[in-house]
J.: 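I have a structure here, written as structure tokens, and I will follow up with some questions on it.
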Amino acid sequence: MIAGRYTLDREIGRGGMGAVWLGRDEVLGRSVALKRIGMMPGGSSPDLERAEREARLAARLNHPHVVAVFDLVNDEDQQWLVMEYVEGVTLAELVRRDGALTPEQASPLIAQAADALAAAHEAGIVHRDVKPSNILVTPQGQVKLSDFGIARAQADASLTQTGLVTGSPAYLAPEVASGQTANGASDVWSLGATLFHALAGHPPYDVGDNLMGALYRIVHEDPPRLEGAGWLAPLLEATMTREPAERWSMAQVRDFLAAGPAGTVLTPVPTNSVPGADPTRTQVLSATTAAPAPVAPAPPVPARRRPARALPVLVGLAVLLVAGLVAWAALSGGDGGSQTQSPPAGGGSASSHTPSPSTSPSPSESPSSSTGATPDGMETFIQDYLATVTSDQKASWEMLTPKFQDESGGFGKYKGFWKTIESARPTTIQADPDTLQVRYGVDYVRKDRSRVSDTVTLQLVYDAANDSYLIDGEA
């Protein structure tokens, strides 16, 4: 009997803070989980302060996707944290048992965790140890986020210890792996790394026995990318990016997942940095206000928030940038985008594309006095591109300039997106040979038969010697 009230049944888990037991509250007649607090890594006495912190912070949240803390008791010089008992398995155990999850299986689980973390950030709490083993999943698919033991509140500076990196190495954000203090953006990275684990069946980084080598890769190398992430690919891009200021906020992650695969992928807005804050100290987000949602291009398609444009030099976010306007048009409307990844308009090496020779010039096709480009020639090029991009990505990749290929993030990402699109049919095309800009409506149909519509404006370049066009970017 613990504290004259709680009886222990069996040990059901063990972590960095100690063992967790299934028990019973004899006063209220309910099952509870009791965590026996162990030794703080690097410490010399039981971490009662850490336990009190977990109880205090978790009690502040009172969220349906956070494990509730009921009590903190002392019994014979041992500290016990009494918590809500969640019948189920951790996300780590679920993936180990069933294998990698599909985007459709993973998204509702990560969405619930994002909802809990967004609420934590709004309350001034940074979790700092988001990972699959701290996400509990019930047989009904309900998620509970656990272990706020190393979480930190805005006014709480008591946790920092020189030389101590908190969190689990495989899911650490680069700034935390390099020794900086975790903030809300760090939780965003860790949730993205957790999503990676769920989709891939393994962590994004193999730590093994070489901890320092893993930390070096996290800090200095580009984040790993995952083929087959489907409509969740933009989320991985926008969470696992090395610059904290370029990541989505947790509220944006939550809203992206809530919108589902039919939503419109938008370019991330850097909202995680706190103006004037000391970067060496914990930066805690106040309630995050997302960018206003744009008007949906089609009533059946819920609009997904468009965060501000990322820098094109960041390859991971360049895909979202290019895809956000050109290709996600595909996802917004129907025929030509990936399930959740922004459809790149082009995304390939530049090679000229000659209009079909069977197309005979019409009166409207008389060469422009300035460029030699014509409205009909530009329209034919766009029709050819949209017909090619869903069937032969290598050929359509060659219809982009090298600059636009770089902005699209490489052929692998380009192909990975477009292979999920069944068709892309243009509706109206308006071409201006003087500016070499073409604006068109397009209806996309994905391989899963969902439909999206959008309006796209592209900048072309014209090769007068070959009477051919290439896509050079978005206008």
J.: Using a strict cut-off of less than 4.0 Å between a Lys/Arg side-chain nitrogen and an Asp/Glu carboxylate oxygen, indicate whether E175 and R242 qualify as a salt bridge.
T.: no

J.: Between R5 (side chain only) and E26 (backbone N and O only), is there a donor and an acceptor less than 3.5 Å apart?
T.: no

J.: Taking the six-membered ring of F70 as reference, does the NZ or CZ atom of R30 fall below 6.0 Å from its centre and within a 45° cone about the axis?
T.: yes

J.: Would you call K131 and D147 a salt bridge, using N to O less than 4.0 angstrom?
T.: no

J.: Going by the side-chain contact (heavy atoms from CB on, under 4.5 Å) test, name the single residue among L61, V130, V253, V188 that passes it with L117.
T.: V130

J.: Sub-3.5 Å donor-acceptor pair from the side chain of T138 to the main-chain atoms of Q140, do we have one?
T.: yes

J.: Would you call R247-E243 a salt bridge at under 4.0 Å N-O?
T.: no

J.: Of the non-hydrogen atoms in L34 and G23, which two are nearest, and what is the gap between them?
T.: CD1-CA, 3.7 Å

J.: Which label fits Y205 and W189: parallel for a plane angle under 30°, tilted from 30 to 60°, or perpendicular past 60°?
T.: parallel

J.: Give, for atom CZ of R254 and atom OG of S249, the distance between the pair rounded to the nearest 0.5 Å.
T.: 8.0 Å

J.: Which heavy atom in S133 sits nearest to a heavy atom in A92, and how many Å separate them?
T.: N-CB, 3.9 Å

J.: Checking the side chain of K144 only, and the main-chain atoms of P64 only, is there a donor and an acceptor separated by less than 3.5 Å?
T.: yes

J.: Could you pull out the closest heavy-atom pair between A193 and A170, with the gap in Å?
T.: CB-O, 4.4 Å

J.: What do the steps show when you test R97 against E93 for salt bridge (Lys or Arg N to Asp or Glu O under 4.0 Å), and what is the final call?
T.: CA-CA 6 Å; R97 183 191 71 193; E93 292 168 335; over 6 Å; no

J.: Determine whether a donor-acceptor pair (N or O, by modelled atom type, separation under 3.5 Å) exists between the side chain of H65 and the backbone of A116.
T.: no

J.: So for atom CD, which belongs to E227, do other residues, nucleotides or ligands contribute more than 12 heavy atoms lying within a distance under 6.0 Å?
T.: no

J.: Under the 3.5 angstrom rule, does the side chain of S107 hit a backbone N or O of P103 as a donor-acceptor pair?
T.: yes

J.: Verify side chain to side chain contact (heavy atoms under 4.5 Å, CB included) between L235 and W248, making sure each step is shown before the conclusion.
T.: CA-CA 9 Å; L235 182 57; W248 284 354; 3.6 Å; yes

J.: What verdict does the side chain to side chain contact (heavy atoms under 4.5 Å, CB included) test give for E84 and V86, after you've listed the backbone C-alpha separation in whole Å, the side-chain angles of each residue and the deciding distance to 0.1 Å?
T.: CA-CA 6 Å; E84 171 187 10; V86 180; 4.3 Å; yes

J.: In the structure I gave you, are the side-chain heavy atoms of L109 and I135 within less than 4.5 Å of one another anywhere?
T.: no

J.: If the test is side-chain contact (heavy atoms from CB on, under 4.5 Å), which one of T194, L232, D115, L101 qualifies with I110?
T.: T194

J.: I want to check something: taking the side chain as every heavy atom from C-beta on, are Q79 and L81 in contact at a cut-off of under 4.5 Å?
T.: no

J.: Does a side-chain heavy-atom distance below 4.5 Å link M240 with L195?
T.: no

J.: When you look at CE of M1, are more than 12 heavy atoms from neighbouring residues, nucleotides or ligands closer to it than 6.0 Å?
T.: yes

J.: For a side chain to side chain donor-acceptor pair (under 3.5 Å) check, start with the C-alpha distance between D187 and S190, then their side-chain angles and the critical distance, and finish with the verdict.
T.: CA-CA 5 Å; D187 279 353; S190 297; 5.3 Å; no

J.: Which pair of heavy atoms, one from H121 and one from G184, lies closest together, and at what distance?
T.: CE1-O, 3.4 Å

J.: Side chains of W80 and L72, heavy atoms from C-beta outward: is any pair under 4.5 Å?
T.: no

J.: Heavy atoms only: give me the nearest P132-T90 pair and the separation to one decimal.
T.: O-CB, 3.8 Å

J.: Please report the interatomic distance CD(Q252) to OG1(T239), rounded to the nearest 0.5 Å.
T.: 12.0 Å

J.: Using side-chain heavy atoms (C-beta onward) and a distance below 4.5 Å, is W418 in contact with S396?
T.: no

J.: Checking R128 against T181 for the side chain to side chain contact (heavy atoms under 4.5 Å, CB included) test, could you report, in this order, the C-alpha distance in whole Å, the side-chain angles of both residues, the deciding distance, and whether it holds?
T.: CA-CA 9 Å; R128 310 200 333 164; T181 306; 3.8 Å; yes

J.: Between the main-chain N or O of A3 and the side-chain N or O of D75, is there a donor-acceptor pair closer than 3.5 Å?
T.: yes

J.: Is there side-chain contact between H127 and I125, with heavy atoms separated by less than 4.5 Å?
T.: no

J.: Where do R225 and L236 come nearest, in terms of heavy atoms and distance?
T.: NH1-O, 3.3 Å

J.: Report yes or no: does R217 contribute a side-chain atom to a donor-acceptor pair with the main-chain N or O of D206 at less than 3.5 Å?
T.: yes

J.: Is there a side-chain contact between M250 and L191, using heavy atoms and a 4.5 Å cut-off?
T.: yes

J.: Spell out, as yes or no, whether a donor-acceptor pair under 3.5 Å connects the side chain of E221 to the backbone of I218.
T.: no

J.: Distance check, rounded to the nearest 0.5 Å: Q142 atom CD versus L136 atom CG?
T.: 10.5 Å

J.: Determine, stepwise, if the pair I12 / W21 fulfils side chain to side chain contact (heavy atoms under 4.5 Å, CB included).
T.: CA-CA 5 Å; I12 56 176; W21 292 71; 5.7 Å; no

J.: Do H197 and Y171 have side chains that get closer than 4.5 Å, going by heavy atoms?
T.: yes

